[in-house]
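Contents: one structure, followed by commentary.
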Amino acid sequence: MVAKLSKDLIYEILSVVDEIPKGKVASYGQIAKLIDRPKNARLVGKVLSQASYYGDYPCHRVVNHAGRLAPTFPNQKDLLLDEGVEFKKPTHVDMKNFQWDM
DNA sequence: GTAATGACAAGAC
DNA sequence: TGTCTTGCCATTA
């Protein structure tokens with residue numbers, strides 16, 4: 001227990017993250033919209049930073065709108081590559097082909 | 001109550 | 001995609 005965010009937010013966000021199909025990535029904005037909070041993209045990031053504490057969630061499939069990975073999660077790239085997600089650049093995912101298509 | 005912070009988004013160039 | 005600016009929102013001090 002490091003920082004208690006709204007349990008509602010955490011549950012909703014992690015619930016969506018858990019639905020991201022393997023080999024795909026979703027943007028914070030996408031998730032924010034799915035939880036009915038289109039402007040809470042930043043909150044999503046905060047919750048995700050603690051996601052590992054609340055449970056086992058594929059937070060590595062969540063990237064920002066530019067396809068960049070989390071600054072505190074360097075291993076994220078490796079995990080994505082292992083799932084088939086390609087990187088156009090060392091720091092950017094190929095969003096065009098691997099963004100979660102709903 | 002106010003200010004600062006953050007794994008961001010969207011628009012403009 | 002990259003960088004800069006503005007906007008949003010919840011948490012923390």
Side-chain angles (χ1 to χ4, degrees):
Chain A
M1 198 77 93
V2 270
K4 305 202 285 186
L5 282 91
S6 310
K7 201 138 191 213
D8 266 6
L9 228 43
I10 296 171
Y11 181 80
E12 292 180 83
I13 293 172
L14 295 183
S15 193
V16 173
V17 173
D18 196 40
E19 288 179 47
I20 303 174
K22 181 181 176 182
K24 291 279 183 181
V25 296
S27 67
Y28 295 96
Q30 259 182 299
I31 295 174
K33 283 175 189 173
L34 287 173
I35 63 174
D36 202 51
R37 282 178 173 67
K39 310 296 184 172
N40 282 49
R42 309 177 83 144
L43 277 301
V44 175
K46 265 198 229 189
V47 173
L48 246 9
S49 71
Q50 303 173 173
S52 28
Y53 175 83
Y54 296 100
D56 217 32
Y57 293 91
C59 39
H60 59 271
R61 290 181 193 148
V62 186
V63 299
N64 68 10
H65 76 105
R68 195 168 46 178
L69 310 178
T72 59
F73 196 168
N75 205 41
Q76 186 173 13
K77 179 182 174 183
D78 221 41
L79 292 169
L80 290 174
L81 285 172
D82 193 48
E83 295 188 348
V85 178
E86 292 175 19
F87 280 66
K88 272 303 187 186
K89 303 235 168 197
T91 48
H92 292 80
V93 177
D94 187 350
M95 296 293 281
K96 191 177 157 119
N97 295 308
F98 292 98
Q99 183 169 41
W100 188 14
D101 185 36
M102 296 184 287

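Proteins come first, then strands; the chains are lettered A, B, ... in the order of their sequence lines, and each starts at number 1. The structure presented is a predicted model; accordingly, all values stated were derived computationally and were not measured.
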Can you tabulate the close N/O pairs, meaning under 3.5 Å, that link protein atoms to atoms of nucleotides 4-7 of chain C?
{"from": "dG7(C)", "atom 1": "O6", "to": "Arg42(A)", "atom 2": "NH1", "distance (Å)": "3.1"}
{"from": "dG7(C)", "atom 1": "N1", "to": "Arg42(A)", "atom 2": "NH1", "distance (Å)": "3.3"}

side-chain contact (heavy atoms from CB on, under 4.5 Å) between Ile13(A) and Ile31(A), worked out: CA-CA 7 Å; Ile13(A) 293 172; Ile31(A) 295 174; 4.1 Å; yes
Test log, rule side-chain contact (heavy atoms from CB on, under 4.5 Å), inputs Lys88(A) and Met95(A): CA-CA 9 Å; Lys88(A) 272 303 187 186; Met95(A) 296 293 281; over 6 Å; no
Verdict with supporting geometry, Ile10(A) and Tyr53(A), side-chain contact (heavy atoms from CB on, under 4.5 Å): CA-CA 11 Å; Ile10(A) 296 171; Tyr53(A) 175 83; over 6 Å; no
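Here the side chain of Glu19(A) pairs no donor or acceptor atom with the backbone of Val16(A) at under 3.5 angstrom. Side chain of Asn64(A) to main chain of Arg68(A): a donor-acceptor pair is present (N/O by atom type, distance under 3.5 Å, no hydrogens or angles). Remark: the backbone N or O of Leu43(A) is not paired with any side-chain donor or acceptor of Asn40(A) at under 3.5 angstrom. In terms of modelled atom types and a separation under 3.5 Å, the side chain of Ser15(A) and the main chain of Glu12(A) share no donor-acceptor contact.
One can place CG of Leu9(A) at 13 Å from C1' of dC8(C), the figure rounded to the nearest angstrom. Per the geometry, CG belonging to Leu48(A) stands 16 Å off C1' belonging to dC9(C), to the nearest Å. Taking atom NZ of residue Lys89(A) and atom P of nucleotide dG2(C), one finds them 7 Å apart after rounding to whole Å. We find that CD of Gln50(A) is positioned 16 Å from P of dA10(C), with the value rounded to whole Å.
Protein chain A touches strand DNA chain B; the 5'-most and 3'-most nucleotides with an atom under 4.0 angstrom of its non-hydrogen atoms are dT5(B) to dA10(B).
Looking at heavy-atom distances under 4.0 Å, Ala41(A) makes contact with sugar-phosphate atoms alone, never a base.
Closest approach of Ala41(A) to Ala32(A), counting heavy atoms only: N-CB, 3.8 Å. Counting all heavy atoms, side chain and backbone alike, His92(A) lies closest to Ala66(A) at CD2-O, 3.2 Å. Phe98(A) approaches Gly23(A) most closely through the heavy-atom pair CD2-O, 3.4 Å. Closest approach of Gly45(A) and Tyr28(A) over heavy atoms only: CA-CE2, 3.8 Å.
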Please report, to 0.1 Å, the donor-acceptor pairs under 3.5 Å made by any side chain of residues 70-84 of chain A, with sequence neighbours excluded.
{"from": "Gln76(A)", "atom 1": "OE1", "to": "Ala70(A)", "atom 2": "N", "distance (Å)": "2.8"}
{"from": "Gln76(A)", "atom 1": "NE2", "to": "His60(A)", "atom 2": "O", "distance (Å)": "2.9"}
{"from": "Gln76(A)", "atom 1": "NE2", "to": "Val62(A)", "atom 2": "O", "distance (Å)": "3.0"}
{"from": "Glu83(A)", "atom 1": "OE1", "to": "Arg61(A)", "atom 2": "NE", "distance (Å)": "2.9"}
{"from": "Glu83(A)", "atom 1": "OE2", "to": "His60(A)", "atom 2": "NE2", "distance (Å)": "3.0"}
{"from": "Glu83(A)", "atom 1": "OE2", "to": "Arg61(A)", "atom 2": "NE", "distance (Å)": "3.4"}
{"from": "Glu83(A)", "atom 1": "OE2", "to": "Arg61(A)", "atom 2": "NH2", "distance (Å)": "2.9"}

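For dG2(C), the OP1/OP2 oxygens have a side-chain nitrogen or oxygen of His92(A) closer than 4.0 Å.
Listed by chain and number, the residues in a side chain to side chain donor-acceptor pair (under 3.5 Å) with Asp18(A) amount to none (sequence neighbours excluded).
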Dot-bracket encoding of pairs in DNA chain C, which uses [ ] for pseudoknotted crossings and | for another strand, Watson-Crick or G-U under 3.5 angstrom: .||||||.|||||
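Annotation: proximity of residues 22-37 of chain A to DNA chain B (heavy atom, distance under 4.0 Å) is found for Ser27(A), Tyr28(A), Gly29(A), Lys33(A), numbered in ascending order.
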